[in-house]
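First the structure, in the form of structure tokens, and then the observations on it.
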Protein chains: 2
Amino acid sequence: MDSSVVKLERARLSADDWEKAALESIAESGVGGLAVESLARRLGVTKGSFYWHFSNRDALLAAALARWERSDTHNLIARIETLTDPYERLRELFRASSRDMRSHRTYAALLTATDHKVVAPVLERVAAERMGYLARVFAQAGMKGIDAEYRARLAYSAYVGFLQLTLQLKSLKLSNEDLEAYVEHVIGALIP
Amino acid sequence: MDSSVVKLERARLSADDWEKAALESIAESGVGGLAVESLARRLGVTKGSFYWHFSNRDALLAAALARWERSDTHNLIARIETLTDPYERLRELFRASSRDMRSHRTYAALLTATDHKVVAPVLERVAAERMGYLARVFAQAGMKGIDAEYRARLAYSAYVGFLQLTLQLKSLKLSNEDLEAYVEHVIGALIP
DNA sequence: CCGATTCCATACGCAAGCGTATTGACAGCT
DNA sequence: AGCTGTCAATACGCTTGCGTATGGAATCGG
């Protein structure tokens with residue numbers, strides 16, 4: 001009878017479980033809101049468990065970010081590589097900015113912790129990699145050398161700023177139709 | 001003899017002094033780094049002084065943000081209003097993004113606190129006002145209705161993202177020449 | 001020159017959050 | 001069944017930062 005409730009909680013936890021939960025917590029309440037005792041409550045244990053799996057809070061944060069860095073960038077690139085036409089790739093990239101909100105929320109949360117010494121290097125790597133990829137696609141689409149890099153930086157900056165303005169500041173959010181129209185406007189403005 | 005050192009510190013402080021110091025502290029170490037005891041040390045007093053001028057930390061933050069909201073937006077608009085040609089206005093706005101770093105640093109720091117309940121409304125107002133202004137200038141430059149608004153949002157997003165990427169993540173910073181060239185690229189891409 | 005006001009120092013109490021130490025429960029192996 | 005390693009609960013100490021209480025010094029109007 002009572003076992004049905006208990007079954008929902010895993011009997012024992014792994015480091016993976018903590019990392020996943022940490023990413024969820026970050027997406028919801030930011031890096032600053034990541035606290036081991038609150039995470040433990042969320043997982044139905046106490047922090048006695050946590051300190052068996054990780055040496056301290058920063059270690060959990062680093063592990064969670066490593067997991068995010070691995071999966072998140074991979075997913076995006078994989079989806080794009082199915083397209084061959086560079087113009088289509090660019091359009092798909094831009095449209096992806098308005099879908100898949102879970103992933104974007106996590107990224108937006110991380111962007112509000114650029115001053116954190118564990119977070120900053122990860123963000124630098126991710127941004128550099130993505131901008132580099134974007135620049136290559138712009139180059140494939142016919143833009144010359146440095147222009148492709150500048151355009152990539154512009155497009156990526158617009159994406160980052162969009163996350164800040166739209167996801168974090170709720171009064172600036174766009175309706176669904178407006179969002180689609182906006183993305184099409186951006187595509188028209190930034191794709192050669 | 002020893003008076004020379006003491007003279008550097010003001011004899012007594014006003015609420016204004018605290019607000020200014022708070023803004024400096026925010027520019028350096030973010031909203032989260034704003035602590036009354038550390039601010040007091042910086043001003044050469046103790047927190048006994050602080051709690052005479054303000055009821056609590058949030059009150060100081062609110063006052064400092066109000067001061068920032070007043071002065072910062074005002075300065076920018078005032079400088080732009082001396083130009084009459086809308087294209088020139090846009091170019092000047094974009095170029096201003098790479099100057100006057102003090103003001104930008106403060107804004108970048110505030111952008112990393114979009115989840116703070118005192119900060120968020122201020123940022124929403126400022127962003128909405130500036131985007132509205134931008135949209136009007138784009139309209140003056142010949143863009144039609146909703147397109148001017150979307151272009152304003154795109155330009156402002158690019159600005160916000162630029163602040164995040166270049167000011168907060170130091171490995172992504174551009175050299176002075178690159179920065180100027182980038183701004184010119186953005187001008188070419190976003191001004192009709 | 002003397003109250004009243006303004007500004008500040010000192011000394012507390014308190015809550016949040018991290019990390020440690022110790023003990024306990026449960027599983028798998030032999 | 002008993003041992004061993006794995007995971008977790010409890011209890012504690014420590015630090016940081018906020019806010020309060022109270023007394024003292026400085027300054028200004030009269």
Side-chain angles (χ1 to χ4, degrees), chain A residues 2-3 5-26 28-65 109 112-113 115-119, chain B residues 2-3 5-26 28-65 109 112-113 115-119:
Chain A
D2 52 4
S3 68
V5 178
V6 178
K7 275 237 183 77
L8 293 178
E9 307 164 2
R10 300 211 17 186
R12 312 188 90 182
L13 298 174
S14 68
D16 267 33
D17 297 319
W18 285 96
E19 294 171 14
K20 288 173 191 162
L23 283 177
E24 284 177 23
S25 166
I26 288 173
E28 286 170 18
S29 45
V31 174
L34 180 65
V36 324
E37 281 159 298
S38 106
L39 252 198
R41 270 193 303 276
R42 187 199 196 95
L43 288 170
V45 294
T46 67
K47 64 180 178 176
S49 168
F50 174 83
Y51 284 100
W52 191 90
H53 294 285
F54 297 91
S55 61
N56 55 35
R57 181 185 177 276
D58 272 6
L60 169 65
L61 181 57
L65 291 181
T112 66
D115 51 342
H116 193 293
K117 76 188 213 308
V118 175
V119 178
Chain B
D2 52 4
S3 69
V5 177
V6 179
K7 274 233 183 81
L8 293 178
E9 306 164 2
R10 298 208 21 182
R12 314 186 92 185
L13 299 174
S14 67
D16 267 32
D17 297 318
W18 285 96
E19 294 171 14
K20 289 174 191 162
L23 283 177
E24 284 177 23
S25 165
I26 289 173
E28 286 169 19
S29 44
V31 174
L34 180 65
V36 323
E37 282 160 296
S38 105
L39 251 198
R41 271 193 302 275
R42 190 200 195 92
L43 289 169
V45 294
T46 68
K47 64 180 178 173
S49 167
F50 173 82
Y51 284 99
W52 191 89
H53 293 286
F54 298 91
S55 61
N56 55 33
R57 180 184 178 278
D58 272 5
L60 169 65
L61 182 56
L65 291 181
T112 67
D115 51 342
H116 193 294
K117 74 187 214 308
V118 175
V119 178

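So you know, we letter chains A, B, ... as the sequences are listed, proteins then strands, and number each from 1.
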> Roughly, in whole Å, what's the span from CZ in Phe50(B) to P in dC18(D)?
Replying inline: 8 Å
> Are Val31(B) and Thr112(B) side-chain neighbours, meaning at least one heavy-atom pair lies under 4.5 Å?
Replying inline: no
Quick one: side chains of residues 35-43 of chain B, donor-acceptor pairs under 3.5 Å with protein atoms, not counting sequence neighbours, listed by atom name and distance.
from: Glu37(B); atom 1: OE2; to: Lys47(B); atom 2: NZ; distance (Å): 3.4
from: Arg42(B); atom 1: NH2; to: Glu28(B); atom 2: OE1; distance (Å): 3.2
from: Arg42(B); atom 1: NH2; to: Glu28(B); atom 2: OE2; distance (Å): 3.0

> So, for Lys117(A) and Asp58(A), which heavy atoms are closest and what is the spacing to 0.1 Å?
Replying inline: NZ-OD2, 3.5 Å
>> Rounded to whole Å, please give me the gap between OH in Tyr51(B) and P in dT22(D).
In response: 17 Å
> Between Ser49(A) and Thr46(A), is there a donor-acceptor pair closer than 3.5 Å when you use the side chain of the first and the backbone of the second?
Replying inline: no
> For Phe50(B), which residues count as a ring-ring contact (aromatic ring centres under 6.0 Å, His included) partner, sequence neighbours excluded?
Replying inline: Trp18(B), Phe54(B)
>> For DNA chain D, which residues of residues 52-64 of chain A approach it to below 4.0 angstrom with any heavy atom?
In response: Trp52(A), His53(A)
> Roughly, in whole Å, what's the span from CG in Asp17(B) to P in dT6(C)?
Replying inline: 17 Å
Pairs: protein N or O with nucleotides 23-29 of chain C N or O, under 3.5 Å:
none

> To the nearest Å, how far apart are Asp16(B) CG and dC7(C) P?
Replying inline: 12 Å
> Would a distance-only check, ignoring hydrogens and angles, find a side-chain to backbone donor-acceptor pair under 3.5 Å from His53(A) to Leu13(A)?
Replying inline: yes
>> Please give me every residue in residues 31-42 of chain A whose heavy atoms get under 4.0 Å of an atom in DNA chain D, ordered by residue number.
In response: none
> Partners of Asn56(B) by side-chain hydrogen bond (donor to acceptor under 3.5 Å, both in side chains), sequence neighbours excluded?
Replying inline: none
> Got a second to check how far Glu24(A)'s CD is from Ser29(A)'s OG, nearest 0.5 Å?
Replying inline: 11.0 Å
